[in-house]
Amino acid sequence: MIWLGRAILALVLLFLYAPIAVMVLMGFNASDLYALPFVPTLHWFSELAGNDRLIAASRNSVLVALVTAVVATALGTLAALALSRRSFRGKSLLRLLLLPPIAIPWLITGTAMLVFFYWTGIGRGLHAMILGHVALAIPYVVLVVGTGLASLRADLEEAAMSLGATPFGAFRSVTLPLLAPSLVAAALFAFAVSLDQFVVSYFLAAPGVTTLPVEIYTSIRKGFTPEINAVSTILLGASVALFLVFAGLTRIGGERERR
Amino acid sequence: MSAPSTPEGRRARPSIASPEGRRARPAIATAALLLPAYAWLLVAVFLPLGAMLFFSFLKTNPFGSKAPLVFTGAHYLAFVTRPYLVDVAITSLRLGFWTTGICAAIGLPTALAIARATRGRVRQTVFLLAILPFWTNGLVRIFSWTMLLRQGGILDDLVHLVLPGVGSVGLLYSFPAIVVGLVHAYLPYMILTCYLAVAGIDDALIDAARSLGARLPTVFATVILPLALPGLVSGSILIFVPVIGSFMEPRILGGRIGVTMGTVIEDQFTQAYNWPLGSALSFTMLGIVLAIFALFSSVLRGRLAP
Amino acid sequence: MSGVEVQGIRKSFGGAPVLDDVAMRFAEGRFTSLLGPSGSGKTTLLRIIGGFEAPDAGTVTIGGADVTHTPLWKRRIGMVFQSYALFPHMSVADNVAYGLHRQGIRGAAARAEVARALALVELEGFDARRPKQLSGGQQQRVALARAIVTKPRVLLLDEPLSALDRRLRQTMQVELRRIQRDSGLTTIFVTHDQEEALTLSDRVAILDGGRIVQEGPPAEVYERPATRFAATFLGDANLFAGTVRDGAVATPSGPLRSEAPLPAEGAPATLAVRPEKVLPLPAGAAEPAGFNAVDATLRQTVYAGATSTLLLATRDGDPVKCFCQSRDAPALEPGAALRLAWSPTHTLVLGG
């Protein structure tokens, strides 16, 4: 049974990673027709340096992701504090309202944003993408920070206040430091949601103002070149690095502590 | 050890003593914490959805003309007036069912294998590897399949290495290619939800079933499957919904045959500029998805009822 | 003056009353236990005194000043939580110094205070440790040091010993009492453990259903319980219900007398006697003159080392208990007949 299990795992991991590995390798292959044999080169990466469109799109992607991470973490954390630490009527409804941004297909959310933003004069462009990305990231931030808050006992703040700390002082000196890993994890998550977001960006991109995934999509539809592999590899590398930091901060997948 | 479940145990939020005049403050503070996030969601998600619903009843795009708005429900009859849309919808549903089914068939055994055939650091690494694709760009991953599937691609090369005589097995621009790409894109969801469901199964539970005389297939059917069911259900929802709305995957991997609800809707917004029709199709799609879930949940409830 | 007084305290959670018109004085420098089963409102009362909860009605005064509307962080109380609530991201020294810093005491002055507090709880040299690196008993001491280092007006203890094992608990009881005596702090201690309450306290208040049913020195509350609840919750009691007739209470086991005043002739009354006050005599033996006596059948003997408990039944089948030294326990088989006797001095008349 154990060996059958390990064989399944090996096959599934092969299925998940083989295409990505091939894609990455082809970014380092000299042939512009993806032909073998493999001749290693950094040619396609150096080509990127001269591609102003891709560079501009990358800069936009990072800018939108940074703003999204900061804004979504701030707003989501405030909401998480209210949702997990305060009692009020309508709480379950408010929790429910966090689902549509996650659950409704991005195609529908994205086109709805396009309709509304265009109609109201908000228009398209980076500001519209930020509006959309933050909305998509807020539910995830509430989830990550809410999980972090749930692991903090409420009586720590009470203890601080009984020792003379004001509510804000107790929050700043006790809750905030203990919550810091969750906040960083939430910000990374929001950053990744934005960086990898294609559908919503695609509908909200203005002519000449795109992000990296939108630019990659346009290039793919024009025809495949190893340059796309190179830029995809860079995007992939950034996501993996973010994930590893996130995993380290939240300790997901770790063995549960035994009592 | 733990706080008693009596009123004394209630510590959710103490109403900390404060001067009379400041009694209203907690409510204001709560609202102040919630307002920014929900105002943002209102402007960026809920008002747009409302606007889209409004648009779906307009006869034509209202932009650039001073003519009064004309309302119509005709766009919701598109499936009647444009019969080819029925075929498109069937293609989307087939994609949804194939992808979800294959993900379930692979995802549950994988989750079980992680939970029962690994431990310690290996388990942690395998689990992280299985969910890492969440974080990578879906577009890039779909793109990577074109490397393998196209005529003269890696898969072709591998097949020819073993069987030099056969013609090209290039799968790109076919229905199976889209399914393979979508399974690759969404399998991590199923592995995650199933793993969360089965990771908690106690070894003692399985030992208990076996000590009562159950063989392994019986253990699977009577112990593991019922406990994994919530994971399978939530995984299926997480996969089915976005697959029905997918448009980038069918376009890249399906080429000309990749016409789905998603691509038709996308066309209305980016090529045909018939936003009212696109809006109506979006809500029709949402309606179909909800109807399928309603059907499924009543079936499941019927099965799970004692 | 740092005595505490509560008056007319009412509190309900979600419509369910938890405290119902509670009034009580906690004398300065005294150790008072609030004793009651879970749900009796004892923790809620403690939290209202501390300012963690606001009462629906009533007043709280500390040292004569009304603090009902003083926020928690201005009340100058010290609280030891059931979970200890030590700040996990701070060292032991930083935990203890937290309250001093809030008072603006920093640097060498704070360090000296911290050192003194840690010495008081016998944790010298643990300054740099994290709470996680400490045992349960050590964490408890840190929590105590943190609560008293700020020289609070009142020390509040919310079942602080309940997470410790039996042996450690007994050690900490002695420690707690020593530290309280040394510091002279007015102390309010919440517990559901009757033995702990009797051992530690200057005064005990018994709560039931959101009311204080009896309050006084431990020996008085134990020896003279006012109600059936007080008698059975604090210690064990054998109960005999009957009707007052000719200056005694006629019960199914015969007439029983008490030295305490009885209700009016013909009224129903309940008498109680503590199991350790009951003498087990051989069947048919004569009881000491003036003693109450009933016939009973032995059901079971529960041996617990130094002492044994005899579980018996009266003629009517009502259960009766008798504690005795194992040395004195009659060597009898279940089913044996006995005569139980006790003095009218030890016969309590219960109200309620």
Side-chain angles (χ1 to χ4, degrees), chain A residues 2 5-6 8-9 12-13 16 19-20 22-23 26 34 36 75-76 78-79 81-82 85-88 94 97 100-101 103 105 107-109 111-116 119 131-132 134-135 138 154-155 158 192 196 198 203 213 216-217 220 224 228 232 235-236 239-240 242-243 247 253-255, chain B residues 11-14 26 30 33-34 36-38 40-41 43-45 47-49 51-52 55 106 109-110 113-114 116-117 120 124 126-129 132-133 135-141 143-148 154 157 184 187 241-242 244-245 247-248 252 262 265-266 269 275 278-279 282 286:
Chain A
I2 297 282
R6 297 201 175 154
I8 291 175
L9 287 180
V12 167
L13 290 182
L16 285 177
I20 299 175
V22 169
M23 195 276 302
M26 286 301 164
Y34 301 117
L36 294 176
L75 302 192
L78 294 181
L81 282 171
R85 282 292 166 88
R86 288 166 174 270
S87 54
F88 53 89
L94 285 186
L97 285 180
L107 171 68
I108 296 180
T109 337
T111 50
M113 288 174 185
L114 172 63
V115 168
F116 182 70
W119 195 26
L131 257 176
V134 170
I138 282 176
D155 58 12
E158 289 188 349
D196 292 335
F198 159 66
F203 289 109
I216 292 174
Y217 182 66
I220 293 171
F224 308 146
I228 308 175
S232 297
L235 188 56
L236 207 63
S239 306
V240 172
L242 284 174
F243 173 78
E255 292 274 285
Chain B
R11 306 270 165 86
R13 196 64 225 160
T30 305
L33 289 174
L34 291 168
Y38 282 91
W40 196 292
L41 288 180
V43 170
V45 175
L47 286 179
L49 287 173
M52 199 179 196
F55 258 66
I106 302 177
T110 308
I114 297 176
R116 311 218 71 84
Q124 192 173 352
V126 172
F127 178 73
L128 291 183
L129 280 175
L132 168 61
W135 283 64
T136 60
N137 192 292
L139 183 64
V140 168
R141 286 191 285 144
F143 169 62
S144 69
W145 274 100
T146 64
M147 308 278 105
L148 275 97
I154 308 290
D157 289 348
H184 188 248
L187 181 60
V241 175
I244 294 291
F247 70 93
M248 165 270 278
I252 296 176
I265 292 171
E266 185 214 340
F269 285 95
W275 289 11
S279 304
S282 290
L286 210 55

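Within every chain, numbering begins at 1; the chains are lettered A, B, ... in the order of the sequence lines, protein sequences first and strands thereafter.
- Side-chain contact check for A:R85 versus B:L33: every heavy-atom pair is 4.5 Å or farther apart.
- Residue contact with chain B, scored on non-hydrogen atoms closer than 4.5 Å, involves the side chain of A:M26 exclusively.
- Contact annotation for A:I108: both backbone and side-chain heavy atoms come within less than 4.5 Å of a heavy atom of chain B.
- Using a 4.5 Å cut-off between heavy atoms, A:L131 contacts chain B through both its backbone and its side chain.
- Ranked by heavy-atom pairs under 4.5 Å with chain A, the first of B:I244, B:L132, B:V140, B:L148 is B:L132.
- Residues that satisfy the salt bridge (Lys or Arg N to Asp or Glu O under 4.0 Å) test with B:R116, not counting sequence neighbours, are B:D203.
- Contact annotation for A:P100: only side-chain heavy atoms (C-beta onward) come within less than 4.5 Å of a heavy atom of chain B.
- Looking at A:F88, the atoms closer than 4.5 Å to chain B (heavy atoms on both sides) all sit in the side chain, from C-beta outward.
- Contact tally against chain B (heavy-atom pairs below 4.5 Å) for A:I220, A:L242, A:L81, A:L235: the top residue is A:I220.
- Shortest non-hydrogen contact noted between B:H184 and B:R141 is O-NH1, 3.2 Å.
- Two residues are said to be in side-chain contact when any heavy atoms from C-beta on lie closer than 4.5 Å; A:I138 and A:P101 fail this criterion.
- For A:L16, the parts sitting under 4.5 Å from any heavy atom of chain B are the backbone and the side chain alike.
- Among B:G138, B:P36, B:G278, the residue making the largest number of heavy-atom pairs under 4.5 Å with chain A is B:P36.
- No other option in B:S279, B:A113, B:P109 has as many heavy-atom pairs under 4.5 Å with chain A as B:A113.
- A:V12 touches chain B through its side chain: at least one heavy atom from C-beta onward sits under 4.5 Å away, while N, CA, C and O do not.
- For the pair A:L114 and B:W275, the minimum side-chain heavy-atom distance is below 4.5 Å.
- The side-chain hydrogen bond (donor to acceptor under 3.5 Å, both in side chains) search around A:S239 returns A:D196, not counting sequence neighbours.
- For the set A:V240, A:L78, A:L236, A:T109, the entry with the most heavy-atom pairs within less than 4.5 Å of chain B is A:L78.
- Per-residue counts of heavy-atom pairs under 4.5 Å with chain A were compared for B:L139, B:V43, B:V45, B:V126; the largest is that of B:L139.
- Contact of B:L129 with chain A is made through backbone and side chain together, with heavy-atom distances under 4.5 Å.
- When each of A:I20, A:T111, A:V22, A:L97 is scored by its heavy-atom pairs under 4.5 Å with chain B, the top score falls to A:T111.
- Shown here for B:A117 and A:G5, the closest heavy-atom pair between the two residues is CB-CA, 4.1 Å.
- Contact count against chain B (heavy-atom pairs under 4.5 Å) is highest for A:V134 among A:V134, A:L13, A:I228.
- In this structure, chain A has a heavy atom under 4.5 Å from the side chain of B:I265, while its backbone stays farther away.
- The backbone N or O of A:L94 lies less than 3.5 Å from a partner atom in the side chain of B:Y38, making a donor-acceptor pair.
- Counting only heavy atoms from C-beta outward, the side chains of A:I216 and B:F143 never approach each other to under 4.5 Å.
- Looking at B:T136 and A:F243, their side chains never come closer than 4.5 Å, going by heavy atoms from C-beta outward.
- For the pair A:A79 and B:L34, the tightest heavy-atom approach, listed with the atom from each and the gap, is O-CD2, 3.9 Å.
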